[in-house]
Amino acid sequence: MPPIAKLGLAIWPSPLWACLVGYVMSSLVVLTVQRVRKGSFMVQAPREGRFWFALTGISNGLSALSLFAAVRNGPITLVAPLAAIYPLVTVAMSAVVLKHVEITARIVGGTLLTVIGVALVLIA
């Protein structure tokens, strides 16, 4: 995705609009799938679930905006690999926030392999 975003930002250099267009298109896809599967755009969900999904959406929106700003202002060969280390952050946040999730050696190993792969790309 970052290389395609870099092409778009070369034509229209606005991370905010890139984020907005991306989210509008994603929303249309999700709403279309919901309509086809369930016959309605509305989803029945408990209040606590809606809160966490809204918080996730806000966090994801801010991360996408940050990614587009980094792609616009930096070399794609640096930004894309750095963005690819998100599993490291995910595992760390899961260990802190999700106490019921067990961080196994397999998860840690996969995360370390991802980080090592990014490091190899950056030094090459």
**Student:** Taking all atoms of both residues into account, what is the closest heavy-atom pair of Ala64 and Cys19, and its distance?
**Tutor:**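 Looking at all heavy atoms of both residues, the shortest contact is CB-SG, 3.9 Å.
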**Student:** Are Leu112 and Ile103 connected into the same hydrophobic cluster when the rule is that any two of I, L, V, M, F, W, Y join if their side-chain heavy atoms are below 4.5 Å apart?
**Tutor:**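 Both belong to a single hydrophobic cluster.
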**Student:** Taking all heavy atoms of Leu9 and all of Ala18, pick out the closest pair and write down the distance.
**Tutor:**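 Heavy atoms only, the tightest pair is CD2-CB, 4.1 Å.
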**Student:** Pro81 and Ile76: which non-hydrogen atoms are nearest, and at how many Å?
**Tutor:**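 Taking Pro81 first and Ile76 second, the nearest heavy atoms are CD-O, 3.8 Å.
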**Student:** When you group the ILVMFWY residues by side-chain heavy-atom contacts below 4.5 Å and let the links chain together, are Val96 and Val89 in the same group?
**Tutor:**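 Per the 4.5 Å side-chain linkage, Val89 and Val96 are co-clustered.
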**Student:** Considering only Ile, Leu, Val, Met, Phe, Trp and Tyr, and joining two whenever side-chain heavy atoms are under 4.5 Å apart, list the other residues clustered with Trp17.
**Tutor:**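 Taking Ile, Leu, Val, Met, Phe, Trp and Tyr as members, Trp17 shares its hydrophobic cluster with Trp12, Leu20, Val21, Val24, Met25, Leu28.
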**Student:** Applying side-chain hydrogen bond (donor to acceptor under 3.5 Å, both in side chains), name anything that partners Asn60, two or more places apart in sequence or on another chain.
**Tutor:**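 For Asn60 the side-chain hydrogen bond (donor to acceptor under 3.5 Å, both in side chains) partners, ignoring immediate neighbours, are Tyr23, Ser63.
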**Student:** If you look at every heavy atom in Ala84 and Thr114, which pair is closest and at what distance?
**Tutor:**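 The pair with the smallest heavy-atom distance is O-CG2, 3.6 Å.
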**Student:** For residues Val33 and Val30, determine if any side-chain heavy atom of one lies less than 4.5 Å from a side-chain heavy atom of the other.
**Tutor:**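 They are not in contact (no side-chain heavy atoms under 4.5 Å apart), so the answer is no.
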**Student:** Membership question, hydrophobic clusters at under 4.5 Å side-chain separation (ILVMFWY): are Leu113 and Leu120 in the same one?
**Tutor:**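 Different clusters.
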**Student:** Quick one: side-chain hydrogen bond (donor to acceptor under 3.5 Å, both in side chains) pairs with a partner in residues 72-82, sequence neighbours left out?
**Tutor:**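 side-chain hydrogen bond (donor to acceptor under 3.5 Å, both in side chains) check on residues 72-82 returns no pairs.
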**Student:** Atom CD1 of Ile58 and atom CZ of Phe53: how far apart are they, to the nearest 0.5 Å?
**Tutor:**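 Going from the CD1 atom of Ile58 to the CZ atom of Phe53 covers 14.0 Å.
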**Student:** Roughly how far apart are Leu67 CG and Leu62 CG, rounded to 0.5 Å?
**Tutor:**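 Here the interatomic distance stands at 12.5 Å.
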**Student:** Please round to the nearest 0.5 Å and tell me the distance separating atom NZ of Lys99 and atom OG of Ser94.
**Tutor:**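 Answer rounded to 0.5 Å: 11.0 Å.
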